[in-house]
Amino acid sequence: GYTIDREVGRGGMGRVYRAVHAVTGQVAALKMLLPELADDARLRKRFVNEAQLLAKLEHPNLVPLLGFFETPRGAFIAMPFVEGISLDKMLRRQGRLELDVALVLVGQLASGLDHMHRQGIMHRDLKPSNVLVRADGRVKITDFGIARAIGAERLTRAGMVVGTAEYLAPEQASGQTFDDVRSEIYSLAVLGYEMLTGRVPFRHQNAAKVLIQHVNKAPPPPRIIRPEIPVGVEAALLRGLAKRPEDRPSGCVALHAALMQGLDGDGPTAAERPIPTPDAAPWADEAEPSGGGLTLLVQVALGAGLG
């Protein structure tokens, strides 16, 4: 029932198209598994798994599922087409965000992730390109290609690091195979750090070296990069980036609460200031679709000194 308008994103496993439903007129993002990969049982299971997990989620900060269907052209996941800009593009344009804006966005991300975790699901690839911000300031988490139910059958081989190196928790970077929502708390703390400082805690052109830093190196204190960050906010971020999962806050919402408590109280807080409106939002003149920036699975051999 959909008429494809144009391609809006692509990755190693699939394509994303903007489409319009012929009867309802609803604009959708159609994510298609590449036909040449349809015979790969593992990749097809991963694609179907994404649709099944999306069907369990309903939250204002998550891009929902409209449907899953197959045609002679391939298998498709249908999602609402989100008009907005990726957090990745926001950061590339602005360098870093104002404190109150960053904490509003972290709060929305925390709310969406908390809903996922209460449903027993981890996203597993939280990063700026998988976060869309609408012109009204509403955050939408997208691209659940490597999400999975906690404790479910693994769709990756043991010893494989799956995700994006800069945002992986130490226990993930070291190739440990257990799932824990505290790993997602770490990823959210990395996003908060990047929004406030304009850079991730650890970076290197060699992904394996980034993973080693997550495991063995302390992150640079944010106030070294941006001194006006309140001491309490810095302390909350560093707690979220603790190497040991048990030393992090108890959940994503708890991390956001700690960041809010870390404000020194001078001027309006993020909770008191309104979400930016389309007129005030510097990103309102651009749009990126849901599903754009398909996840690429980075497989890193563990022989690079990760233990």
Side-chain angles (χ1 to χ4, degrees), residues 1-86 112-113 115-127 129-134 138-156 162-164 287-297:
Y2 289 96
T3 300
I4 289 178
D5 181 10
R6 67 180 187 273
E7 180 181 311
V8 294
R10 62 170 57 200
M13 289 178 55
R15 303 285 184 268
V16 178
Y17 300 96
R18 183 186 186 275
V20 180
H21 196 275
V23 176
T24 66
Q26 183 178 31
V27 181
L30 300 184
K31 185 174 183 178
M32 181 189 75
L33 179 67
L34 291 176
E36 57 265 31
L37 301 180
D39 292 335
D40 186 314
R42 183 177 293 271
L43 294 180
R44 180 176 177 78
K45 188 171 184 180
R46 186 191 301 281
F47 192 73
V48 173
N49 176 73
E50 179 177 0
Q52 292 173 335
L53 294 183
L54 280 172
K56 298 178 181 179
L57 302 174
E58 184 176 354
H59 189 276
N61 297 122
L62 304 176
V63 177
L65 176 75
L66 294 178
F68 177 88
F69 55 91
E70 296 184 87
T71 75
R73 295 182 60 180
F76 291 85
I77 294 173
M79 302 167 286
F81 188 89
V82 178
E83 295 283 0
I85 185 172
S86 70
L113 291 168
H115 174 74
M116 292 184 64
H117 297 163
R118 284 187 281 109
Q119 303 304 314
I121 298 170
M122 284 182 61
H123 187 281
R124 302 176 77 217
D125 196 24
L126 187 66
K127 58 184 177 182
S129 60
N130 287 341
V131 175
L132 299 175
V133 185
R134 300 190 320 193
R138 175 73 65 186
V139 164
K140 295 283 186 178
I141 301 172
T142 187
D143 202 338
F144 297 78
I146 61 174
R148 76 173 176 87
I150 299 170
E153 177 187 354
R154 300 185 186 282
L155 301 179
T156 55
V162 180
T164 303
E288 289 189 2
S290 59
L294 284 166
T295 299
L296 298 178
L297 301 184

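Computed from a prediction, not measured in an experiment: that's the story for all the values here.
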Taking the side chain from D5 and the backbone from V20, do they hold a donor-acceptor pair closer than 3.5 Å? no
Atom CG in L54, atom OG1 in T142: separation rounded to 0.5 Å? 8.0 Å
Hey, are the side chains of H59 and L57 touching, using non-hydrogen atoms and a 4.5 Å cut-off? no
Trace of the side-chain contact (heavy atoms from CB on, under 4.5 Å) decision for N130 with H123: CA-CA 10 Å; N130 287 341; H123 187 281; 3.9 Å; yes
Between L34 and R15, is any pair of side-chain heavy atoms under 4.5 Å apart? yes
Non-neighbouring partners of E70 that pass salt bridge (charged side-chain N to carboxylate O under 4.0 Å, His left out), sequence neighbours left out: R44
Search all heavy atoms of A55 against all heavy atoms of L65 and return the closest pair with its distance. CB-CD2, 3.7 Å
CA sep, side-chain torsions, deciding dist, call: D143, K127, salt bridge (Lys or Arg N to Asp or Glu O under 4.0 Å): CA-CA 10 Å; D143 202 338; K127 58 184 177 182; over 6 Å; no
About how many Å separate OG1 of T164 and CG of D125, when rounded to the nearest 0.5 Å? 4.0 Å
Output the distance between atom CG (L43) and atom CD (E36), rounded to the nearest 0.5 Å. 11.0 Å
To the nearest 0.5 Å, what is the distance between CZ on R46 and CG on D40? 9.5 Å
Where is the tightest heavy-atom contact between Q26 and Y2, given as atom of each residue plus distance? O-CE2, 4.5 Å
Identify the heavy atoms of A29 and V16 that sit nearest to each other, and give their distance. CB-CG1, 4.2 Å
So, taking the atom named CD in E83 and the one named NZ in K140, what distance separates them when rounded to the nearest 0.5 Å? 13.0 Å
If I take atom CG from residue L62 and atom CD from residue Q119, how far apart are they, to the nearest 0.5 angstrom? 10.0 Å
Considering all heavy atoms, the nearest V131-L126 contact: CG2-CD1, 4.3 Å
Given E50 and K31, is the salt bridge (Lys or Arg N to Asp or Glu O under 4.0 Å) satisfied, shown in steps? CA-CA 11 Å; E50 179 177 0; K31 185 174 183 178; 3.0 Å; yes
Check: G120 main-chain N/O paired with K56 side-chain donor or acceptor under 3.5 Å: no
Hey, are the side chains of P80 and L66 touching, using non-hydrogen atoms and a 4.5 Å cut-off? yes
List the atom of L30, the atom of A78, and the distance in Å for their closest heavy-atom pair. CD2-CB, 3.6 Å
Yes or no on side-chain contact (heavy atoms from CB on, under 4.5 Å) for R18 and V27, after CA distance, side-chain angles and deciding distance? CA-CA 7 Å; R18 183 186 186 275; V27 181; 3.7 Å; yes
For E58, all residues meeting salt bridge (charged side-chain N to carboxylate O under 4.0 Å, His left out), sequence neighbours excluded: none
Side-chain contact, heavy-atom cut-off 4.5 Å: V82 with V63? yes
Does any non-hydrogen side-chain atom of H115 lie less than 4.5 Å from one of L113? no
Can you check whether L132 reaches V139 side chain to side chain, under 4.5 Å on heavy atoms? no
With a 4.5 Å limit on heavy-atom distance, are the side chains of F68 and F47 in contact? yes
Flag the pair F144 / M116 as yes when at least one side-chain heavy-atom distance between them is below 4.5 Å, and no otherwise. yes
Measure the acute angle between the ring planes of Y17 and F76, then classify it against the limits of 30° and 60° as parallel, tilted or perpendicular. tilted
